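Just passing along the structure, written as structure tokens.
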Amino acid sequence: MAINWFPGHMHKARKEIKKVMPQMDLIIEVVDARIPFSSENPLVPNLRGDTPLIKVLNKRDLADPDITARWQDWLEKERGVRAITLTHNQRGEAIDILKLAAAMTPGHDRQKSALRVMILGIPNVGKSTLINTLAGRPAAKTGNEPAVTRAQQAIKLPDNILLYDTPGFLWPKLSPEACGYRLAITGAIRSAVIDFEDVALFEADYLLQAYPELIKKRYGFEDLPVDGLALMDAIAGKRRFFARGGIPDLHKVSEVLLNELRAGTLGRISLETPEMIEREAREAEAARLAKEADQSG
């Protein structure tokens, strides 16, 4: 199932951001440390030009630390990009972002004019919480549901920094398809527009492959189920989630899998690696070329 979520306010946000981004001195993009590629907006590289960029890999405490370190190295290969990690309760680390912003804009005299910083982030990556930490006050709305911020606002920070908050927006077509699933798993897409069982099955297949020992430990399995669907059936048996007639209640299982990953109950899990993303890009390009060849033939 292709997962997409692009309501009207996101289209408006994209147009507004494109209009004001050339006026910025620096950009901060907040991404989810568990899915740094899937949660970064592919429009940002084209929109930012040469403007320095700080990538904040938020929710570090939920992600696999070894994979997060690899992502930092991978992201910093791009010119003008610094990648740092963050957790929601580390105010000192958050404040260090402002010091890094100053270091990345050495030519700007803040005695003469404010340093204009735009902060971007797709829904539910913790952007508003970070803004409130930097501001030292509740300057941005926060919530557990994605897309809380609906309009731009300018927030004054210490040391003559003007922070431009922007609504979180996705893009019209989530590609490759796996990106949509990863975004859905981490809660970046509204629950009302996803098929819980479909998304949880994607998660179950991935966890069996990438984190089998965490699955054994959490759900008390001696032997691993053969695939994602068998895993969901087995969890239903362990938790006694049954519908009428003794049929496994896969919706309840889906809620458990999604909520326990989002909360970190399963352990520190990353849903993608740089190598995986590079492989998916090669496969997508090969598929595109094959489709063009078929159409021309």
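On a predicted model such as this, the values are computed, not experimentally measured, just so you know.
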Partners meeting side-chain contact (heavy atoms from CB on, under 4.5 Å) with Ala63 (sequence neighbours left out): Ala33, Arg34, Thr68, Ser270
Closest non-hydrogen atoms of Leu86 and Ala94, given as atom of the first, atom of the second and distance, are CD1-N, 3.6 Å
Not counting sequence neighbours, which residues clear side chain to side chain donor-acceptor pair (under 3.5 Å) with Gln72? List them please. none
Applied to residues 230-243, the salt bridge (charged side-chain N to carboxylate O under 4.0 Å, His left out) test, sequence neighbours excluded, yields Arg239-Glu260
For Glu285, what residues pass the side chain to side chain donor-acceptor pair (under 3.5 Å) criterion, not counting sequence neighbours? Arg288
When hydrophobic residues are tied together by side-chain contacts of less than 4.5 Å, even through go-betweens, does Leu62 share a cluster with Leu75? no
Give me the ring orientation class for Phe221 and Tyr219: parallel if the planes are under 30° apart, tilted from 30 to 60°, perpendicular past 60°. tilted
Can you tell me which residue pairs pass the side-chain hydrogen bond (donor to acceptor under 3.5 Å, both in side chains) test with a partner in residues 53-62, sequence neighbours excluded? Glu29-Lys55, Glu40-Lys55, Arg60-Thr85, Arg60-Glu93
Only one of Leu157, Leu115, Val117, Ile28 forms a side-chain contact (heavy atoms from CB on, under 4.5 Å) with Leu98, so which one is it? Leu157
Taking ring pair (Phe, Tyr, Trp, His ring centres under 6.0 Å) as the test, write out the residues that go with Tyr211, two or more places apart. none
Should we say atom NZ of Lys217 is surrounded by more than 12 heavy atoms from elsewhere, each under 6.0 Å from it? no
What pair of heavy atoms forms the shortest contact from Ser254 to Glu197, and how long is it? OG-CA, 3.3 Å
Can you name the ring pair (Phe, Tyr, Trp, His ring centres under 6.0 Å) partners of Phe202, sequence neighbours left out? Tyr181
Give me the atom names and distance for the closest heavy-atom approach of Ile122 to Ala188. CD1-CB, 3.9 Å
If you take all heavy atoms of Leu163 and Ile131, which pair is closest and at what distance? CD2-CG1, 4.0 Å
Which pairs, with at least one residue in residues 65-80 and sequence neighbours excluded, count as a salt bridge (charged side-chain N to carboxylate O under 4.0 Å, His left out)? Arg48-Glu78, Asp50-Arg79, Arg70-Glu275, Glu76-Arg82
In short, Ile189 meets Ala184 closest at the heavy-atom pair CD1-N, 4.1 Å
Over 60° means perpendicular and under 30° means parallel, so classify the ring planes of Trp71 and Phe37, tilted if in between. parallel
What residues, two or more places apart in sequence or in another chain, satisfy side-chain contact (heavy atoms from CB on, under 4.5 Å) together with Ala230? Pro225, Val226, Asp227
When you group the ILVMFWY residues by side-chain heavy-atom contacts below 4.5 Å and let the links chain together, are Leu162 and Val20 in the same group? yes
Any salt bridge (charged side-chain N to carboxylate O under 4.0 Å, His left out) involving residues 104-123? Give me the pairs, sequence neighbours left out, ordered by first then second residue. Asp25-Arg116
I need the single residue from Met24, Met21, Gln153 that forms a side-chain contact (heavy atoms from CB on, under 4.5 Å) with Tyr164. Which is it? Met24
Taking only residues at least two apart or on different chains, which pairs with a member in residues 264-274 satisfy salt bridge (charged side-chain N to carboxylate O under 4.0 Å, His left out)? Arg182-Glu272
Nearest non-hydrogen partners of Ser113 and His108, listed with the distance: O-NE2, 3.0 Å
Partners passing side chain to side chain donor-acceptor pair (under 3.5 Å) against Glu283 (at least two apart in sequence or in another chain): none
